[in-house]
Structure formats: structure tokens, C-alpha cells
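In what follows, a structure is listed as C-alpha cells, so that the remarks can point back to it.
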Amino acid sequence: MRVIFQLALRNLKEHKAKTIIISMFIIFGTAIVILGNSFMESVNRGLEKDFRANYTGDLVVSAHAPEGTIMDIFSVNSSSFTGEIVQIPALTDINQVQEILDSTPEIEQKTKMISTQGILFKGDEIDLSAIQDDDSVGLLDIPMFIMFAGEGDTYFDVFGGQHIVEGRALDYTTGENELLIDTRIKESFEKFFKESLNVGDKVLVMGANTNGVVREAVVVGFYTPANEHSAMFQTIYCTPDFARAFADLTYGTLMEEEGEAGVSLSDFSEDDFFGDDDLFGDMISDETDTFENAEVMDYDSILGDTSLRDELNKTDNGAWHFVPAKISDKTKTAQVVAELNKKFDDLGLDAVAMDWEAAGFSYTSSVKGINVLFNVLVIILAIVVFIIIMNTMVVSVMERTSEIGTMRALGAEKKFVRALFHTEALTITVLSALAGTVLSLVFIAIFNSLGIAVDSNMVAKVILGGGEIQFAPTPQIIIATIVVVIIGSLLSNIYPVSSALKITPLKALSKGAD
């Protein structure tokens, strides 16, 4: 083996040009693969760290997603073309769910949460004419937001870290509709509506996924996210009852969904909602049938007894969408999720546990798509590189025909020639792969030290998993890349070696004489 290795080194030195060409392809191929995988690892790590710490926790429990849909903590994603807006369903078995979570030793913290979406504006109506009138304003500038409402005494213990830059945090004891607003929303609002937004202002919120729901609230503070490079869309935190109005978490809606005690809205008549008085009876006097003496009554009197309707439109203060939780050992997330789902199924509960990745599907699916695209590009690159290496080795074999014939004539067996070529390929591949690794690590160290971030473009932040562009090489990435490069190089060497072994000593010597 020592002799073969010495011969391999001698041959590589004698054929410097081809050795350098092959080495360069392997060096840059290795560096590109390591850089690409390190970048995607950084994206995945950044997104996971951000979401686990600030939005989803390690796992989230929700009701089952409506049939044919995918649900996360932001919305229900449906492929239906009916135009119907599918709401996130309430977690009806929440008390039993909490008991199960309390009895699970790995659960460290938990809270309850409502999620919905809205648009912020002032005045009597929302004016979107700025999109047409002002070229500097686009759809992304509309002050739309994700609205999170958590359980007052636990939510910010689990998902704290917001940096309040003006005003104060939410006060759940006032009974008022309060908003804690992301500074990005403040900027969007002021850019779009050309007016200021300040602490203490009363604003209107229109539901983005409900029909015609508008509510008034007061701005109590502005904050920046715990992670300044977060890929998360701009968010408003609000009080639970305020969010329930936009999430259809009213008694009437829940009664229709659950059919509690056999009650449905269809069981009530119009008289139940609007009273049984003649709608126009009190508007016209008994003395005449003309409208000259008509007396317009109070609006409430016209509608009659609307107490039932009012009750059904009240928000259910026990309704929640999700129960996010954090566990003591993050590595056991998959195990805990599986155990919880088994318990839910055994008890027949309308509840399902999902990990942070499923709970943040709207974001993680985008990153997964980029991962798939990158892997396809890497495979194409690898195929091209290995074809070039194989062709270069074939040419090298053809030029070394007389050398191979001489070795065979001197008694070298086929396995000796095969071992020699494989040793040459292995030597050049290992050395070049190591050089490519060093090159990539040097580049990564320099690039990461620059702290480059893309915070101005929200689309880019979602694709990158955050605004900061970083590389996160791991031993697994480096080892896997080197192993794949070595295997690929040896595979690309099979055909040239087979061609070499087909050369007979007589043919090789005669060709060398020519």
C-alpha cells in the first residue's frame, strides 16, 4: 500500500496541469456546498430560535384543523376556491387539555392565546386611495398586522422580551380595549395615511379575515420585537375580549359550531332576535293611515327585545384558540408531541399538539421551499463537477496508455492498477476537499464578522428566516460534504479505471512505440 501511495503522489506531480484542474473543481465545489448548507442551517436555526422563544413555544395545542385545510397560529390555509373565509376554531376541550399539560412533567410553561388579523385606521372609514394616488405607497405599506391576545397573567411570562420604546404594557385590569403596537405598524400607518399615531390615540381596527367587524381601541404603547431581525410579520398585542370579536369567538358562533345542548341559531325565530312587535305598528298613529302623523320611535324600540341577539354577540371570555407551551428539554419535543396526541386521541378530545415548525407553517413552509430549491441546485452542481472530473480523468488515462501497458508488462495485476488510480483520486479529493473546507470557513468568519442584515424588505426577511445574513457551519455539514465529495469522486473514477483495465500490455506498448 505504501508503494501504491508513493506512485500515486509521483503521478499527481508529473501531471500537474490535470491535478490542478481537478483540484480547483473539488475545492470550489466543496466550498460552495458548505457555504450553502451553512447558510440554510443559519436560516433554520434563526427561525426556530425566534419562534420558539417569542411566538409558538416548543409546542402548540389547538383544535383539529377544518377538513381539507392546514392550520397554524396565524390562520387557516385552505385550497378551497369558494371565497369563504375559514376561521381558526376554538379549542373547546381546553380545560381537559390544560389538565393533561399540567400532568406532563416535561412541560415547563404554558399559556393561552387568540390569533387573528386586522387593519388599523382612524376616522369613520378606511381610505385605501393612497395606493392609487401616491406612487411611493404600495400594498405592503397598508397597516395590516397579526393580532395576538394572550392570557393576561401568563402570556408575557412565556413570550416576554418585547422592548417597549414608548408608553406602557397592556393592563388587563382596566376593562378597556388596549393595543400594544409594533413600531413597524406605526411607521406603515404614518406613511400610508400621512398622519401621526401616538400613545393615547383612539383607533379603529377592521378585521382582515371577518366580514364587517370594526372595533375601537386605545393605543397604550409601541414596542420593538425581542429579536430585532425577526422574520415575523408586524404584530399587535391586545386584550383577549377585543381579539375574540374579530375571531368569531362569540357565544352565537360557538353555539353553532359546537351545538351545545342541541342548541343552534336555526332554533331561534326572527321574533326571538327582533321582538314580536309590529315593526311599523308604533310608527303610525291610530287616527290615520297616512305618514303625515307618523312618529319615529327610538331605534331600540323598533327592533323590540334584542337581548338574546346581544347575548349571542358577546364574546365568550373562556374561548381560546391555542395553548402554547415550553418544555424543559427541547430535544424531546417530538416525543412529547407524540405522547400528548396519543392522550388526546384516547380521550376523544378535539385537540392536537404540533411542534413549533407546524405551528409556524406560514413561515417554515417558505424556508422549506428554499431548502428544496437549494438542494436541487447542489445536485445539479455536483453532477456537472463530477462529469468534468470524469472526463478529465478519461483524458488522463488515454495519455497514460503506455505507462499502464508498461506496468502490466512488468507483471502488475489489474487490481494493482485499479488501486493506483483509486489512490490518486482519493488523495487529490481528500486534499482538495480539506482545502475547500478551509476556504469556506475563512470566508464564513470574515462574512459573519460584518454583521450584514436586510431589515427593510419584509419578503426578504421571510425568505431568509430573519433579517440577519449569517452562515452556521456545523461538524455534520462539513463531514457530510467531504464524504459526499469523496464518494462522488470515486464514482466518477470508475469509468476511467475500467477503460484503463481494458488496455492489454501489447496494445499499450505498441501505441507507446507509435
>> Please determine whether the number of non-hydrogen atoms from other residues, nucleotides or ligands lying under 6.0 Å from atom NZ of Lys330 exceeds 12.
In response: yes
> Minimum heavy-atom separation for Leu170 to Leu180, with atom names?
Replying inline: CD2-N, 3.7 Å
>> Can you give me the closest heavy-atom contact between Met147 and Phe246, atom names plus distance?
In response: CE-CD1, 3.5 Å
> Under 3.5 Å, is there a donor-acceptor pair between the side chain of Thr481 and the main chain of Ile477?
Replying inline: yes
>> For a side chain to side chain contact (heavy atoms under 4.5 Å, CB included) check, start with the C-alpha distance between Phe148 and Tyr55, then their side-chain angles and the critical distance, and finish with the verdict.
In response: CA-CA 9 Å; Phe148 286 152; Tyr55 304 109; 3.9 Å; yes
> side chain to side chain donor-acceptor pair (under 3.5 Å) with Glu339: which of Lys343, Lys342, Gln335?
Replying inline: Gln335
> Thinking salt bridges, do Lys326 and Glu106 make one under a 4.0 Å N-O criterion?
Replying inline: no
> Ignoring hydrogens and geometry, is there a side-chain-to-backbone donor-acceptor pair from Thr56 to Phe51 under 3.5 Å?
Replying inline: yes
>> Any non-hydrogen side-chain atom of Val203 less than 4.5 Å from a side-chain atom of Leu179?
In response: yes
> Do the side chain of Lys194 and the main chain of Lys191 share a donor and acceptor less than 3.5 angstrom apart?
Replying inline: yes
> So do Val214 and Val205 actually touch side chain to side chain, heavy atoms under 4.5 Å?
Replying inline: no
> Can you name the nearest heavy-atom pair linking Phe443 to Leu35, along with the distance?
Replying inline: CD2-CD2, 3.5 Å
> Nearest 0.5 Å, what's the CD-CG distance between Gln109 and Leu101?
Replying inline: 13.0 Å
> Would a 4.5 Å heavy-atom cut-off, applied to side chains only, mark Pro473 and Leu441 as touching?
Replying inline: yes
>> Using every non-hydrogen atom in the two residues, find where Ser62 and Leu91 come nearest and quote the distance to one decimal.
In response: C-CD1, 3.4 Å
>> Can a donor-acceptor pair be found, under 3.5 Å and without considering hydrogens, that links the side chain of Asp201 to the backbone of Val219?
In response: no
> How about Val76 and Pro66: do any of their side-chain heavy atoms sit closer than 4.5 Å?
Replying inline: yes
>> Within this structure, what is the CD1-CD1 distance for the pair Ile34 and Ile444, rounded to the nearest 0.5 Å?
In response: 7.5 Å
> Shortest non-hydrogen contact from Ala319 to Ile114?
Replying inline: O-CD1, 3.7 Å
>> Check this for me: does any side-chain nitrogen of one of Asp241 and Arg244 sit under 4.0 Å from a carboxylate oxygen of the other?
In response: yes
> Taking it one step at a time, do Val61 and Leu59 satisfy side chain to side chain contact (heavy atoms under 4.5 Å, CB included)?
Replying inline: CA-CA 7 Å; Val61 180; Leu59 61 88; 4.2 Å; yes
> Counting distance only, does the side-chain N/O of Ser115 pair as donor-acceptor with the main-chain N or O of Ile73 below 3.5 Å?
Replying inline: yes
> Can you find a heavy atom in the side chain of Met144 that is under 4.5 Å from one in the side chain of Met206?
Replying inline: no
>> Please tell me whether Phe121 and Phe193 form a close aromatic pair, meaning their ring centres lie under 6.0 Å apart.
In response: no
>> Applying side chain to side chain contact (heavy atoms under 4.5 Å, CB included) to Val60 and Met354, what does each step give before you reach the verdict?
In response: CA-CA 5 Å; Val60 175; Met354 47 188 170; 4.2 Å; yes
> Does Asp58 come within less than 4.0 Å of Arg52, counting only side-chain N to carboxylate O?
Replying inline: yes
> Quick one: does Thr104's side chain have a donor or acceptor within less than 3.5 Å of a partner on Ile100's backbone?
Replying inline: yes
> Does the ring centre of Phe447 sit less than 6.0 Å away from the ring centre of Phe471?
Replying inline: yes
>> Rounded to the nearest 0.5 Å, what separates atom CD in Glu166 from atom OG1 in Thr183?
In response: 10.5 Å
> What is the distance from atom CG of Asn37 to atom CG of Asn371, rounded to the nearest 0.5 Å?
Replying inline: 8.5 Å
> Are any non-hydrogen side-chain atoms of Glu195 and Glu190 less than 4.5 angstrom apart?
Replying inline: no
>> My understanding is that only residues two or more places apart in sequence, or in another chain, count here; which of them pass side chain to side chain donor-acceptor pair (under 3.5 Å) with Gln470?
In response: none
> To the nearest 0.5 Å, what is the distance between CZ (Phe145) and OG1 (Thr235)?
Replying inline: 10.0 Å
> Going through the checks in order, is the side chain to side chain contact (heavy atoms under 4.5 Å, CB included) test met by Leu249 and His321?
Replying inline: CA-CA 9 Å; Leu249 296 180; His321 283 151; 3.8 Å; yes
> Step by step, would you call Phe74 with Tyr363 a ring pair (Phe, Tyr, Trp, His ring centres under 6.0 Å)?
Replying inline: CA-CA 10 Å; Phe74 308 106; Tyr363 288 81; 5.2 Å; yes
> Heavy atoms, side chains only, cut-off 4.5 Å: are Leu197 and Ile181 in contact?
Replying inline: yes
>> Between Arg45 and Glu41 (salt bridge meaning N to carboxylate O under 4.0 Å), is one present in this structure?
In response: yes
> Just by distance, do the side chain of Asp72 and the backbone of Ser75 share a donor-acceptor pair under 3.5 Å?
Replying inline: yes
> Under 3.5 Å, side chain of Asp350 to main-chain N/O of His64, donor-acceptor pair present?
Replying inline: yes
> Taking NZ, NE, NH1 and NH2 as the nitrogens, is one of them in Asp182 or Lys186 under 4.0 Å from a carboxylate oxygen of the other?
Replying inline: no
>> What I'd like to find out is whether the side chain of Trp356 reaches to under 4.5 Å of the side chain of Glu48, using heavy atoms alone.
In response: yes
> Do the side chain of Glu216 and the main chain of Lys202 share a donor and acceptor less than 3.5 angstrom apart?
Replying inline: no
>> Which residues pass the side chain to side chain donor-acceptor pair (under 3.5 Å) test with Glu187, not counting sequence neighbours?
In response: none
> So, Asp50 side chain and Gly46 main chain: donor-acceptor pair closer than 3.5 Å or not?
Replying inline: no
>> Nearest 0.5 angstrom please: Ser103 OG to Gln98 CD, how far?
In response: 11.5 Å
>> Quick check: Tyr237 with Tyr223 (ring centres under 6.0 Å apart)?
In response: yes
> Any idea which heavy atoms bring Ala149 and Pro240 closest together, and the distance?
Replying inline: CB-CA, 3.7 Å
